[in-house]
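The block underneath contains the structure these notes are about, expressed in structure tokens.
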Amino acid sequence: MSLSGVALGGVLAMYLPSATAKGIGEATTLVGAFVLILFLLVTCIVVPSTVIGRAREFRRRVRTDPALRKALEEDPAAWWDPYGNAAYGPLYGARFPLQWLDGQPLDV
């Protein structure tokens, strides 16, 4: 990620003197484009990988902590929708809602 930002900044820095010579508006547009591209890189690469990494850590904790696993198993049974009859996410109606964690039924 940082290597991409540095490379992109280096390429755009080559065009900055000519953009400045044309006027402050051109330079502002170039810098704004750089900031926008960096923002897109962060939101499309860094944020999803962080979420996936934390999900792996959470699944690992659920596998090793019986109290946490039990609380997660009981949560769909006690949940109620305050606005209607919406389902409990992707776990609604599953016989073993956390079976995807290790492929084993929860009562094993």
On a heavy-atom basis, which atom in [X] and which in [Y] lie closest, and how many Å separate them?
| X | Y | answer |
| --- | --- | --- |
| I24 | T28 | O-OG1, 2.7 Å |
| I45 | S49 | O-OG, 3.0 Å |
| A27 | T20 | CB-OG1, 3.8 Å |
| T43 | P48 | O-CD, 3.3 Å |
| V62 | R69 | O-CB, 3.7 Å |

Residue set satisfying salt bridge (Lys or Arg N to Asp or Glu O under 4.0 Å) with K70, at least two apart, ordered chain then number -> E74
Note to self: Using the rule that Ile, Leu, Val, Met, Phe, Trp and Tyr join whenever any side-chain heavy atoms are under 4.5 Å apart, tell me whether V11 and I37 fall into a single cluster.
What the structure shows: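 Per the 4.5 Å side-chain linkage, V11 and I37 are co-clustered.
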In one Ile/Leu/Val/Met/Phe/Trp/Tyr side-chain cluster, 4.5 Å: F39, L12
no
request  = Check the pair L41, L38 against side-chain contact (heavy atoms from CB on, under 4.5 Å), reporting the backbone distance first and the verdict last.
outcome  = CA-CA 5 Å; L41 281 172; L38 280 182; 4.3 Å; yes
